[in-house]
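First the proteins, then the strands, lettered A, B, ... as listed; each starts at 1.
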Number of protein chains: 2
Amino acid sequence: MTDGVVERSRPRDRILETARDMFHKHGIKGVGVDAITEAAGTNKMTLYRHFESKDELIVECLRANAAKAGAMWEGFETEFPGDKLAQLHAWVRKAAVMLKADGRGCDMANAAAELTEPDHPARLVIKELKEAQRERLVALCRDAGIGQAELLADTLSLLFEGARVSVQTVGTEGPSTQFVRMAEGLIVSFRGTAAG
Amino acid sequence: MTDGVVERSRPRDRILETARDMFHKHGIKGVGVDAITEAAGTNKMTLYRHFESKDELIVECLRANAAKAGAMWEGFETEFPGDKLAQLHAWVRKAAVMLKADGRGCDMANAAAELTEPDHPARLVIKELKEAQRERLVALCRDAGIGQAELLADTLSLLFEGARVSVQTVGTEGPSTQFVRMAEGLIVSFRGTAAG
DNA sequence: CTAGGGTGTTACCGGTCTGTAACTATGCAA
DNA sequence: TTGCATAGTTACAGACCGGTAACACCCTAG
């Protein structure tokens, strides 16, 4: 993999893709810019011509991740046009797939764990992107006709977040295996108590 | 703080306490052994006389954390002797307090995010300690007379874990504020469906 | 053909990291 | 007083880090 990106695209894109992949696998402080550029089939100078620092590269990687997640949400809409409840269930299934994909948790959460300086530029965009993500899930729950949409969205969100860190600590055979069951149970329960 | 540990205890203890504190605040890769020993009022050679490497120090810190968490559980038993349901509610309240304590998540989860090498010695003890932790919560739910004890314990555990990373990404004012409400609701719901 | 922007190459700077060597100072016990 | 374990000090090794300078290369547009 990693080298699959080397093909023939612009150096900037190759660096971004490779950095995303390596940050995800080895963590941010676990990867140096030299290793990134080498894996991307280019060199350090070219990186610094496109990104003013490693920190900026980190931020761009996080934004790219969010963009990819956004595409996933659009996929739900095209797959189940107008059927918000079906889209919510699609989100649950997609989340379950992501849990089994690999043992690494959420890139943003991992970045927040690593970058502890309170004024690190990445912390701002992490908060921004996570809040946008929450808004989307809340809107989906609300439009699906669920009464306490915020509470359900937050509960599902915390469950998923927790499942991702559980996978990272005890592996894919731990409590996270019950995620779908928990999530579906919650949706049923919330639909029962107060429908729109 | 940090310097409060310097008082007069054995150098090994001071190093361990200081390392726990600094790893928690700044992450593992964010702290060098020099900084630890200086904050502990000693020096690098003394550290390497008591710990054969930084990795071993990390492992000992994680075990010390687990020991402290174990003491917390014993506190529940002494506070509500025999009343397992009360102890479960005490756990929920304690978890809520920890959520507001600081913006750093679970040390084990953070360590797992940072130490990505699959055979890192810390990964073994993280898995071991997290599984022990889960067993304790399952036992508490079971002894509290809840039917699906494993499912409730896992759900509560994922919720808490998720809340901790939420605090780390969007702060204490995010979805984690609803943790107690979610947890109490779940306990009520599980007690209703199947009592012992 | 030529000019110029994007790219590759090499070498380097100053700093930090884990870990070690060699030596000195201290305190306690026989 | 002698002896020994523990702890402190200084200096260093070897590696890696983010970031920059200077220069050679190629491809394309005019």
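Each of C:dG8, C:dT7, D:dA7 was ranked by its minimum atom distance to the side chain of A:Thr42; first place goes to C:dG8.
Rounded to an integer number of Å, the gap from B:Asn43 CG to C:dT24 P is 16 Å. Spacing between atom CG of A:Leu47 and atom P of D:dC17 amounts to 14 Å, rounded to whole angstrom units. Between A:Glu38 atom CD and C:dT10 atom P there is a gap of 12 Å when expressed in whole angstrom units. Distance CD1 (B:Ile28) to P (C:dC17): 15 Å, rounded to an integer number of Å. For the pair B:Glu117 CD and C:dT18 P, the interatomic distance rounds to 13 Å; values are reported in whole Å.
Judged as a side-chain hydrogen bond (donor to acceptor under 3.5 Å, both in side chains), and not counting sequence neighbours, B:Glu60 has no contacts.
Exactly one of A:Leu16, A:Asn43, A:Thr46, A:Thr37 qualifies for a side-chain contact (heavy atoms from CB on, under 4.5 Å) with A:Pro11. That residue is A:Thr46.
Residues from residues 56-65 of chain B that place a heavy atom under 4.0 Å from any atom of DNA chain C: there are none.
Between D:dG8 and B:Thr46, a contact under 4.0 Å exists linking OP1 or OP2 to a side-chain N or O. Residue A:His50 has a polar side-chain atom (N or O) positioned under 4.0 Å from OP1 or OP2 of C:dT7.
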Would A:Asp154 and B:Thr177 satisfy side chain to side chain contact (heavy atoms under 4.5 Å, CB included), going step by step from the backbone distance to the final call?
-> CA-CA 10 Å; A:Asp154 285 346; B:Thr177 52; over 6 Å; no

Would you list the atom pairs, donor with acceptor, under 3.5 Å between side chains in residues 63-76 of chain A and any protein atom, with sequence neighbours excluded?
residue: A:Arg63; atom: NH1; partner: A:Glu128; partner atom: OE2; Å: 3.2
residue: A:Asn65; atom: OD1; partner: A:Arg20; partner atom: NH1; Å: 2.5
residue: A:Asn65; atom: ND2; partner: A:Asp107; partner atom: OD2; Å: 3.3

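No donor-acceptor contact under 3.5 angstrom links the side chains of B:Gln133 and B:Arg136, judged on distance only. Between the side chains of A:Glu184 and A:His89, at least one donor N or O sits under 3.5 Å from an acceptor N or O.
Counting only residues at least two apart or on different chains, the salt bridge (charged side-chain N to carboxylate O under 4.0 Å, His left out) pairs with a member in residues 75-102 of chain B are B:Glu77-B:Lys84.
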Might you list the N or O atoms of the protein lying below 3.5 Å from N or O atoms in nucleotides 19-24 of chain D, with each pair's distance?
residue: D:dG19; atom: OP2; partner: A:Tyr48; partner atom: OH; Å: 2.6
residue: D:dG19; atom: OP2; partner: A:Lys54; partner atom: N; Å: 2.8
residue: D:dG19; atom: O5'; partner: A:Tyr48; partner atom: OH; Å: 3.4
residue: D:dG19; atom: N7; partner: A:Lys44; partner atom: NZ; Å: 2.9
residue: D:dG19; atom: O6; partner: A:Lys44; partner atom: NZ; Å: 2.3

Protein-nucleotides 25-28 of chain C N/O pairs under 3.5 Å:
none

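Between A:Asp21 and A:Lys25 there is a salt bridge, since a side-chain N of the basic residue sits under 4.0 Å from a carboxylate O of the acidic one.
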